[in-house]
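For clarity, every value in this text was computed on a predicted model and none was experimentally measured. Side-chain atoms are counted along with the backbone in the values below, which use heavy atoms only and exclude waters and symmetry mates.
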Amino acid sequence: MSHASGVLHDLFFPRSKVSAGPVSPQLIAGTTVYFLLRRERAIKRKQFMQVLLQNVLPNWRRQAALTQTSVALFHLATKGGLEVLPFAAVRSHGALKLPAMLGGMPTPPKFTSNLTPRYDAFVEVKFDHAPTREQIDALHWAHETLKSLCEEVSTCECDRRYNVLGSPPSMGESVYLTVITRTPWNKTREEAQRYWIHEHAQLVSDNVKRTGMCGYQQVHTTLNPTSTFQNSFGGWQPSSFRA
């Protein structure tokens with residue numbers, strides 16, 4: 001790493017003076033399938049959430065193949081996403097191009113960014129094991145039940161969940177910031193996930209006092225080429241903060 005790129009790295013990725021020590025992520029057995037939901041624009045957000053909670057998800061739980069799963073609904077809690085605008089803006093192409101050029105680092109090809117969250121909610125379905133054929137069929141059926149409410153539904157199968165930081169508080173006591181990752185243009189998904197768990201996890205751990213996180217997990221999208229889900233994203237990074 002050149003001196004210029006080292007300075008930029010320290011500027012953009014600061015670490016606390018005192019390290020928290022080597023991080024040891026704990027692999028949690030099981031498979032998680034996510035449904036990312038962008039509602040039909042004619043449907044109000046409050047109505048959308050009510051239909052999901054009162055009709056759609058209870059209907060899922062009545063399916064024999066899904067009765068032993070954990071199903072959770074996460075919804076957009078910000079006012080149109082403006083609170084996360086600074087977080088998103090510094091990850092836009094324009095914001096990344098100049099530091100890359102100054103630091104002699106590869107410049108990413110042009111890409112578009114959503115400065116406010118694209119999706120209104122996501123559903124998380126957890127299995128304690130790899131889902132059976134019957135359960136996978138039930139998940140694809142569940143996908144179909146969302147189409148009348150959503151203009152877009154994206155599915156993702158994740159087969160590795162790591163608990164990196166702390167013991168998150170219960171659902172009712174937490175606020176979650178969930179980052180959905182894409183694979184960088186200059187890495188394979190496997191390479192990106194390896195960096196994520198072996199290097200980025202340590203960076204988060206070293207800065208826990210700075211960020212105030214009380215829980216941090218990584219959920220990695222499967223590398224199995226026979227997966228029948230869309231798997232457009234590299235993984236999920238749910239971080240929790242006490243409400």
Side-chain angles (χ1 to χ4, degrees), residues 25-40 43 47-76 117-164 167-168 170-172 174 176 178-183 188-190 192-194 196-197 215 217-238 240:
Q26 177 189 2
L27 179 62
I28 302 172
T31 296
T32 306
V33 175
Y34 289 99
F35 295 81
L36 271 166
L37 313 178
R38 180 175 171 86
R39 75 185 193 283
E40 288 284 356
I43 302 175
Q47 179 190 1
F48 178 66
M49 298 304 300
Q50 286 178 337
V51 173
L52 287 172
L53 287 169
Q54 297 173 12
N55 301 102
V56 176
L57 298 186
N59 194 22
W60 288 16
R61 297 308 303 270
R62 285 191 287 269
Q63 305 303 308
L66 300 178
T67 54
Q68 300 302 312
T69 60
S70 168
V71 179
L73 173 65
F74 296 82
H75 64 89
L76 185 62
R118 177 174 180 79
Y119 298 99
D120 298 287
F122 67 85
V123 179
E124 177 188 69
V125 182
K126 289 184 184 178
F127 297 87
D128 293 334
H129 50 77
T132 64
R133 181 71 259 172
E134 181 184 12
Q135 289 171 324
I136 290 174
D137 289 343
L139 290 169
H140 288 302
W141 166 85
H143 185 182
E144 293 298 315
T145 68
L146 295 165
K147 289 186 175 179
S148 62
L149 291 172
C150 302
E151 65 177 35
E152 180 183 344
V153 180
S154 183
T155 59
C156 199
E157 179 185 1
C158 302
D159 56 10
R160 283 151 295 144
R161 177 183 291 268
Y162 299 93
N163 191 58
V164 178
S167 299
S170 64
M171 284 278 187
S174 305
Y176 288 86
T178 301
V179 177
I180 304 168
T181 70
R182 287 192 184 275
T183 302
T188 65
R189 178 168 289 174
E190 184 176 5
Q193 290 179 345
R194 191 182 306 121
W196 192 20
I197 192 60
Q217 293 189 340
Q218 293 183 9
V219 193
H220 291 211
T221 300
T222 183
L223 300 173
N224 184 355
T226 65
S227 174
T228 57
F229 297 92
Q230 293 165 309
N231 301 334
S232 301
F233 301 96
W236 261 246
Q237 178 185 298
S240 56

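Look at Arg160 and Glu190 and you find no salt bridge, because none of the NZ, NE, NH1 or NH2 atoms lies under 4.0 Å from a carboxylate O.
One distance of note links CE of Met49 with CG of Leu73; it measures 4.0 Å at 0.5 Å rounding. Considering CZ of Phe122 and CD1 of Ile180, their distance stands at 6.5 Å, rounded to 0.5 Å. Remark: Arg39 CZ to Leu37 CG distance equals 11.5 Å, nearest 0.5 Å. To the nearest 0.5 angstrom, Arg61 atom CZ is 8.0 Å from Gln68 atom CD. Here Gln63 contributes atom CD and Thr145 contributes atom OG1; the two are 9.0 Å apart, rounded to the nearest 0.5 Å.
For Tyr176 and Phe74, the ring centers sit closer than 6.0 Å to each other. Not less than 6.0 angstrom separates the ring centroid of Phe229 from the ring centroid of His143.
For the pairing with His220, the ring pair (Phe, Tyr, Trp, His ring centres under 6.0 Å) check across Trp236, Tyr162, Phe233 returns one residue only, Tyr162. Screening Gln26, Gln218, Gln217 against Asn163 for a side-chain hydrogen bond (donor to acceptor under 3.5 Å, both in side chains) leaves a single residue, Gln217.
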Test log, rule side chain to side chain contact (heavy atoms under 4.5 Å, CB included), inputs Val71 and Glu124 | CA-CA 6 Å; Val71 179; Glu124 177 188 69; over 6 Å; no
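Taking a 6.0 Å sphere around CG of Asn224, one finds it holds more than 12 heavy atoms contributed by other residues, nucleotides or ligands. The local environment of CD in Glu144 is crowded, with over 12 non-hydrogen atoms from other residues, nucleotides or ligands closer than 6.0 Å.
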